[in-house]
Amino acid sequence: MEQEYLIRSGSLQGYAELMTSLQGDTHALLKQVNLCIDDLKTHEKLISFNSMQKLLEISAGQLNMPHFGLTLSQRQNIEMLGPLGLLMASCNTIKEAIYTVQRYMSAHSPAENWILSEIGNTASITRFEYATNTIPVKQVKELALGACYKMLTLFIGNQFNAIRLELSHSAISDIKIYRHIFKTDVKFNQDADRIIFDKKYLDYPVIFHSKERSQYLENYINLATQPFDNIERKIISLISQGIETNQSLLDSISTVLKMNKRTLQRHLTTQNISFKDLVAHVKGTKACWYLSASQMSITAISAALGYHDCSAFSKAFKKQHGCSPLQWRNKKQSTANKPNAR
C-alpha cells in the first residue's frame with residue numbers, strides 16, 4: 001500500500017486570500033480534495049500531501065492560471081514553516097539555516113526534503129520529493145521552489161541573486177513570469193528541482209532584524225497567545241511551540257502569559273489540570289506524529305521532544321502507550337502494509 005504523507009496546513013499560507021482576489025470558489029475547490037476552510041485557519045493542522053497537490057492543480061486549471069503555484073509562493077514567508085521557521089531565524093549563518101531545514105524538514109512534511117550541496121564556488125539547494133505521483137503534478141514543485149527562493153531573499157536580503165534555477169518539468173507559464181520571480185536564468189526538463197547560487201552567500205549572516213521581517217515573529221507569537229476556550233488549550237499550544245528548546249517550559253510560558261508561575265500552577269490546579277500531564281500529553285502526541293509520519297531515528301525524535309536521552313523518552317512513551325517507541329512504529333507500519341488496510 002502506498003504511504004499517505006502529511007504536511008502542515010501552513011504550506012497553503014495565502015491560498016484563501018489569493019483565491020478571494022481572483023474571485024475563485026475557495027470552498028468548492030477545497031471540498032473537491034476533502035478539505036475545508038477550517039483546515040487553513042491554523043498553520044499547524046496536518047493535511048494530506050496528496051490533497052494539497054491536487055488542490056493546487058485544480059485551482060490552476062479552473063482559474064486558467066498556469067502560474068498559480070508561483071503566484072502563491074510570493075504570498076508566503078517563514079510563517080508557513082511555523083516552529084521550523086523560528087529555528088531558522090535563530091541561526092547565525094545562511095548555511096546553518098539551510099542545514100536546519102535539511103535536518104528537521106520532516107517536522108513540516110516527511111514527503112519532501114531539501115539538500116545543500118557545494119561544488120567549487122557554487123552551492124545548490126535541491127528538492128527531493130518522497131511521495132510518488134501517478135499524474136504529473138507541477139504546481140507544488142513551482143510553489144516549493146518559489147517559496148524557497150523567497151526564503152533566501154528574506155534571510156539574505158535583496159542583494160541575493162541566484163546563478164540559475166532548474167526545474168524537472170517543462171515550462172507551464174510564459175518564461176517572462178519565471179524570470180520576473182526568480183530574476184535569473186531558468187532551465188527546464190532538468191534531472192531535479194534546484195536553486196544554484198554563489199557559495200559566498202552560505203557565510204552571510206541571517207538577516208532578521210528589519211521591521212518587515214521581524215513582524216513575522218510578532219504575528220506568530222500573537223497567534224499562539226490568542227484567547228482559547230480555556231487556559232488548557234492555550235498552554236498546550238505554547239508547550240507545542242517551545243518543546244524543542246532547552247528553556248524551562250513553565251518559566252517561558254509564564255512569561256508569555258504574563259503570569260507568575262506559581263499563580264499559573266494554582267490556576268491549573270483549580271481546574272484539576274497538571275502542567276506536568278499537559279507536557280506529557282503534548283510530547284506523546286508529537287512522538288506518535290514523528291513515529292508514524294517520518295523516518296526520523298528514535299534518537300532524533302527523543303532530542304526533538306526535549307529529552308536528555310533515549311531511555312527517558314522510551315520510558316515516558318511506554319507509560320503512555322504500553323510499548324516502546326520502536327514497537328509502536330513497527331505495529332503502525334505493519335498495519336499500514338496490510339493489503340486490506342485503508
Q: Would you check, one step at a time, whether the test side-chain contact (heavy atoms from CB on, under 4.5 Å) holds for L30 with C36?
A: CA-CA 5 Å; L30 287 169; C36 66; 5.6 Å; no
Q: Let me see the working for Y15 and T26 under side-chain hydrogen bond (donor to acceptor under 3.5 Å, both in side chains), right down to the final yes or no.
A: CA-CA 9 Å; Y15 175 82; T26 307; 5.8 Å; no
Q: Let me see the working for L46 and I7 under side-chain contact (heavy atoms from CB on, under 4.5 Å), right down to the final yes or no.
A: CA-CA 5 Å; L46 296 177; I7 189 169; over 6 Å; no
Q. Which is it for M52 and L143 under the side-chain contact (heavy atoms from CB on, under 4.5 Å) test, yes or no, and what are the steps along the way?
A. CA-CA 11 Å; M52 179 259 201; L143 168 63; 3.9 Å; yes
(Q) Quick one, I47 with S51, criterion side-chain contact (heavy atoms from CB on, under 4.5 Å). Give me CA distance, side-chain angles, the key distance, then yes/no. (A) CA-CA 7 Å; I47 61 175; S51 293; 6.0 Å; no
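Checked for salt-bridge contact, K187 and D185 meet the test: a charged N lies under 4.0 Å from a carboxylate O. A salt bridge between D251 and K261 is present, with a side-chain N of the basic residue lying under 4.0 Å from a carboxylate O of the acidic one.
Taken to the nearest 0.5 Å, the CG atom of L72 stands 7.0 Å off from the CG atom of L12. To the nearest 0.5 angstrom, M151 atom CE is 10.5 Å from I195 atom CD1.
The hydrophobic cluster containing I163 also includes I196, under a criterion of side-chain heavy atoms closer than 4.5 Å among ILVMFWY residues, counted directly or through chains of members.
Under the 3.5 Å distance criterion, the side-chain polar atoms of T93 are left unmatched by any main-chain donor or acceptor of Y204. For Q74 (side chain) and K150 (main-chain N/O), no donor-acceptor pair under 3.5 Å exists by modelled atom type. Between the side chain of N64 and the backbone N or O of Q62 there is no donor-acceptor pair closer than 3.5 Å. Using a distance-only test at 3.5 Å, with no hydrogens or angles considered, a donor-acceptor pair links the side chain of S109 to the main chain of L6. Between the side chain of E166 and the backbone N or O of V186, no donor-acceptor pair lies under 3.5 Å. Checking side-chain atoms of Q159 against main-chain N and O of I156 turns up a donor-acceptor pair under 3.5 Å. The closest donor-acceptor contact from the side chain of E96 to the backbone of N92 lies under 3.5 Å. Looking at T184, its side chain does come within 3.5 Å of a backbone N or O of A162 through a donor-acceptor pair. In this structure, the side chain of N189 engages the main chain of S170 through a donor-acceptor pair within 3.5 Å. Between the N330 side chain and the L326 main chain, a donor and an acceptor come within less than 3.5 Å of each other.
When side chains are defined from C-beta on, Y5 does not count as touching E112, because their heavy atoms never get closer than 4.5 Å. In this structure, M19 and H27 have side chains that are not in contact, with every pair of non-hydrogen atoms separated by 4.5 Å or more. Between R329 and I301 the shortest side-chain heavy-atom distance falls below 4.5 Å. With contacts defined as side-chain heavy-atom distances shorter than 4.5 Å, the pair L202/L116 qualifies. Put simply, the side chain of F197 reaches to within 4.5 Å of the side chain of I125, judged on heavy atoms. Put simply, the side chain of E142 reaches to within 4.5 Å of the side chain of L167, judged on heavy atoms. Residues Q13 and N77 meet the side-chain proximity criterion, which asks for heavy atoms closer than 4.5 Å. Considering only heavy atoms from C-beta on, H43 stays 4.5 Å or farther from M80 through its side chain.
A pairwise comparison of heavy atoms in A97 and C91 identifies CA-SG, 3.7 Å as the closest pair.
Checking D193 against S168 by side-chain atom types alone, a donor-acceptor pair falls below 3.5 Å. Residues N50 and S48 bring no donor and acceptor atom of their side chains to less than 3.5 Å of each other.
Checked against side chain to side chain contact (heavy atoms under 4.5 Å, CB included), P325 has the following partners two or more places apart in sequence or in another chain: L291, I298, F313, S314, F317. Every residue two or more places apart in sequence or in another chain that forms a side chain to side chain contact (heavy atoms under 4.5 Å, CB included) with Q265 is listed here: L250.
Ring-centre distance between F160 and Y149: below the 6.0 Å cut-off. For Y178 and F188, the ring centers are positioned less than 6.0 Å apart.
Sparse packing is recorded around NE2 of H180, with 12 or fewer heavy atoms of other residues, nucleotides or ligands lying under 6.0 Å away. Open room surrounds CG on N121; 12 or fewer heavy atoms of other groups in view lie less than 6.0 Å from it.
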